Amino acid sequence: MRIVAVLLASTSLVAAPAFAAEEAAPAPVAPEAISDAAAAEIVVMGQGQTRQVQELSTQELTILASGTSPLKAIEKLPSVNFQSADAFGTYEWSTRVTIRGFSQNQLGFNIDGIPLGDMSYGNANGLHISRAISPENIGVTRVSQGSGSITAQSTNNLGGTLEFFSIDPKDALGVTASASYGSENTWRGFARIGLGTTDGARAFASVQYQDGEKWKGDGKQRTLMVNAKGVLPLGGGTELDGYVSYSDRAEQDYQDLSLAMIQRLGYDWDNFGPSRYAEAVRVADIAANRGDTGTAPLNAAAGTTYPSPIASADDAYYDASGLRKDTLASLGLTTPLGDALTFKVKGYYHENDGQGTWGSPYVNSPTGVPMALRTTEYDIKRKGVFAALSGTFGINELTVGGWYEKNDFIQSRKFYAYESRTNPGRDHLKFQHNPFYTQWSIAFETDALQYYVSDDVDLGDLKVNLGWKGYSVDTNAFALVNVSGLATGDIKVEDWFQPHVGLNYKLGDGLEAFAGFTQVTRAYQASATSGPFSTTQAGFNAIKDKLKPESSDTWEAGLRYNTGVINASLAGYYVNFRDRLLVIPTSVGVVGSANVLQNVGSVRALGIEAAVDVKLPGGFGAFASYSYNDTTYRDDVTITAGGTTVVRATAGKTVVDTPKHLLRGELSYDSQTVFGRVGVNYMSKRYFTYLNDQSVPGRALVDATIGYRLDIGQRQPVELQLNAVNLFDKRYVATIGSNGFGFSGDNQTLLAGAPRQVFVTLKAGF
């Protein structure tokens with residue numbers, strides 16, 4: 001569905017990575033207060049903050065294609081590098097967000113204070129934001145580029161922090177509904193009903209369902225989500241709030257590519273889908289006959305010559321998918337303690353069942369099929385509580401808080417048989433049962449305890465923020481099944497003093513200056529596929545007492561300017577990142593052999609970032625941001641294995657997936673009746689090898705929105721909105737590092753970006 005002419009005509013109406021540090025923020029602000037404050041501004045540049053921070057209101061999501069991830073919305077902000085192979089930014093195998101060169105698993109993520117872990121595809125301690133809340137129910141997204149708030153519940157945010165805040169039910173009273181349809185037979189429905197009064201008991205419940213075909217190859221991507229939130233005032237300023245979310249996501253995967261595969265097969269090459277099962281069996285037979293997969297040949301008659309254009313067993317696998325079911329619930333209490341103190345406490349529970357599937361030619365099914373359905377399976381049951389006591393005493397606004405989480409996580413690698421050579425008998429979009437082989441199943445019990453202290457000192461035009469946090473994270477891993485000999489045991493990270501100091505000085509006439517320093521330490525990942533436990537038992541025993549957790553120091557300073565018409569910021573930063581942990585894969589992704597892990601030195605980052613939001617006359621507006629990032633490895637990597645030592649000359653090389661230049665620009669228009677926006681997103685070259693001998697070129701993408709409102713006397717006008725993603729149909733590499741990064745040479749670790757996609761949405765509120 002490519003309605004180019006319509007969009008081109010309508011635009012005339014619209015005039016990195018691997019690492020940063022944590023910084024204290026002012027005392028926590030209630031989500032509803034944030035929502036109210038941001039309502040008049042689409043982008044808020046962090047006025048009064050002692051650190052680099054921006055906030056996006058819900059308007060930033062509503063003008064994007066319905067169902068778009070909030071991560072795609074923040075890519076307009078300085079130093080934010082977001083990638084996804086789909087138009088909505090929700091396809092989890094491909095989604096990556098890096099900030100100032102820090103990778104996603106080195107950032108912190110919260111929803112209403114509830115920790116989301118590192119939001120990676122194989123998340124061991126949380127869930128992706130796209131499974132935690134529907135975009136329509138997000139009120140504010142806050143991005144701290146360099147030093148996230150020490151009040152955030154996170155032990156992995158070496159770099160920035162992303163905090164999402166749900167809307168207050170008072171902003172959802174009545175009925176809101178939308179329906180969308182577009183490219184690849186994608187359709188989506190959303191409905192929300194809100195009950196109660198604005199200052200009394202109030203609640204909302206919503207449901208969303210989305211279903212669409214992949215933009216290439218066979219397969220579907222669909223999701224069902226239910227959200228509910230309630231607020232109950234108890235009198236005297238005391239208030240209860242509760243939140244419940246259920247998500248069921250099933251998405252078939254796109255094939256990981258290399259540069260050579262793109263040149264030979266093109267951007268539209270994909271896995272063998274369900275309609276190509278016979279072809280997948282034939283290729284697996286040929287691979288076995290050639291000795292390419294190490295499996296026993298089952299059909300000598302298939303020969304040893306791959307059908308054109310296939311040249312490898314890894315060019316295409318039979319189907320693949322990501323399945324996730326999540327239940328998230330929380331209950332919070334806010335109450336004043338006398339005239340000076342406020343106490344907040346919230347408990348939460350999260351349960352996840354997940355499977356990532358692959359049709360692997362490296363294992364035969366016992367039914368005589370030269371492939372087996374391989375899974376990585378996830379079972380998370382975590383519960384936690386966090387609390388804060390804050391109060392104002394003269395010029396001091398003090399906050400003391402803490403967080404405890406108990407996470408029981410089981411990760412497994414299992415194999416399931418295909419039924420026959422002519423019928424797979426298994427649907428990759430459904431959870432698998434009755435494996436014929438379990439390679440490993442490892443249970444991880446992790447206890448995280450964190451505290452923080454923050455003091456905002458008000459000296460008139462000068463505000464000083466002093467604070468620190470500390471934590472202990474203890475993980476015990478033990479085997480349920482362990483044929484592969486993966487590591488088990490206990491490992492702990494403790495750092496009870498991670499300091500921060502920040503300054504903000506009002507210079508007058510809307511101009512202010514800020515500066516800060518933060519030190520932070522990152523806890524290890526408790527997973528069989530990443531972190532200390534992803535190696536062999538011998539490897540773990542060798543590194544356990546020598547391994548050091550990653551840590552970083554961040555210095556940043558900048559200026560902000562706000563007149564109500566012009567809202568701008570300019571900042572510079574320096575980061576020293578120490579004891580970088582390098583995970584070195586020892587096989588292609590589908591094989592899943594044990595990794596090698598070690599500390600490999602430091603990283604230095606220098607950068608500048610600027611943003612300006614301007615309200616132009618006549619309903620027009622403009623936004624632009626620019627980031628320059630110089631992030632380099634400071635040391636060579638020395639690897640000793642099997643008595644052989646190899647030195648990799650990485651010193652001075654640019655950190656992988658860290659573009660030096662990010663430039664974004666937007667023009668918008670809103671006349672209350674007609675509205676629209678055109679945005680350009682430029683990203684420079686990105687390396688995907690540590691020695692910088694392989695890279696993907698820069699690209700510029702254009703998105704456009706045009707819409708019309710009709711007021712029929714209801715609570716909200718009826719809106720018809722048309723969105724085009726990648727308007728000019730640019731072919732490009734979106735995600736890099738989907739299967740990790742290598743030292744040199746081409747690697748099957750790239751995902752192609754979606755071509756032009758067009759969607760139309762009808763919205764109404766009653």
Side-chain angles (χ1 to χ4, degrees), residues 19-27 29 43-55 77-80 99-102 107-108 142-152 157-161 163 395-399 452-469 497-521 551-562 566-578 603-612 625-631:
F19 72 88
E22 245 234 72
E23 176 181 319
V29 182
V43 180
V44 178
M45 299 292 185
Q47 280 74 28
Q49 297 275 9
T50 62
R51 55 197 169 97
Q52 177 74 313
V53 60
Q54 287 99 35
E55 293 176 355
L77 299 178
S79 291
V80 177
I99 300 178
R100 290 184 180 175
F102 282 101
L107 306 176
R142 177 192 291 162
V143 179
S144 303
Q145 279 93 338
S147 43
S149 167
I150 62 172
T151 65
N157 60 323
L158 277 177
T161 303
E163 298 173 277
I395 62 172
N396 297 282
E397 185 175 338
L398 290 166
T399 302
Y452 63 86
V453 177
S454 178
D455 183 16
D456 285 333
V457 184
D458 189 348
L459 300 173
D461 288 336
L462 175 65
K463 185 168 94 174
V464 180
N465 176 243
L466 304 170
W468 71 91
K469 77 170 184 177
F497 184 68
Q498 301 170 49
H500 159 75
V501 58
L503 307 172
N504 181 288
Y505 185 72
K506 296 188 183 301
L507 299 168
D509 296 325
L511 184 64
E512 65 182 37
F514 65 93
F517 165 78
T518 304
Q519 186 179 90
V520 71
T521 300
S551 61
S552 62
D553 296 336
T554 296
W555 289 261
E556 63 178 353
L559 296 170
R560 296 190 190 97
Y561 180 66
N562 188 3
I566 299 175
N567 188 8
S569 69
L570 174 66
Y573 58 87
Y574 170 80
V575 179
N576 181 29
F577 170 42
R578 300 178 301 277
V603 175
R604 185 204 67 189
L606 290 166
I608 58 172
E609 48 200 27
V612 59
S625 70
Y626 171 73
S627 310
Y628 172 78
N629 186 295
D630 181 15
T631 307

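Since the model is a prediction, treat every value here as computed from it, not as a measurement. Heads up: numbering here begins at 1 and tracks the sequence.
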Backbone of Met45 reached by a side-chain donor or acceptor of Arg560 within 3.5 Å = yes
Is there side-chain contact between Asn504 and Arg51, with heavy atoms separated by less than 4.5 Å?
-> no
Using modelled atom types only, decide if a donor and an acceptor are shared between the side chain of Lys463 and the backbone of Gly48 within a distance under 3.5 Å.
-> yes
Stepwise side chain to side chain contact (heavy atoms under 4.5 Å, CB included) test for Tyr505 and Leu503 | CA-CA 7 Å; Tyr505 185 72; Leu503 307 172; over 6 Å; no
Residues Arg100 and Glu556 bridged, charged N to O under 4.0 Å = yes
May I have the step-by-step check of side chain to side chain contact (heavy atoms under 4.5 Å, CB included) for Tyr452 and Thr151, ending in yes or no?
-> CA-CA 7 Å; Tyr452 63 86; Thr151 65; 3.5 Å; yes
Main-chain N/O of Val43 paired with Gln54 side-chain donor or acceptor, under 3.5 Å = no
In sequence, state the C-alpha distance, the side-chain angles, and the governing distance for Leu77 and Ser625, and then conclude on side chain to side chain contact (heavy atoms under 4.5 Å, CB included).
-> CA-CA 6 Å; Leu77 299 178; Ser625 70; 6.0 Å; no
Could you go step by step and tell me if Asn465 and Gln49 meet the side chain to side chain contact (heavy atoms under 4.5 Å, CB included) rule?
-> CA-CA 9 Å; Asn465 176 243; Gln49 297 275 9; over 6 Å; no
Between Gln145 and Glu609, a side-chain donor and acceptor under 3.5 Å | no
Kindly indicate whether the side chain of Phe517, heavy atoms from C-beta on, has any atom under 4.5 Å from the side chain of Asp553.
-> yes
Of all residues at least two apart in sequence or in a different chain, which pass the ring-ring contact (aromatic ring centres under 6.0 Å, His included) check with Tyr574?
-> Trp555
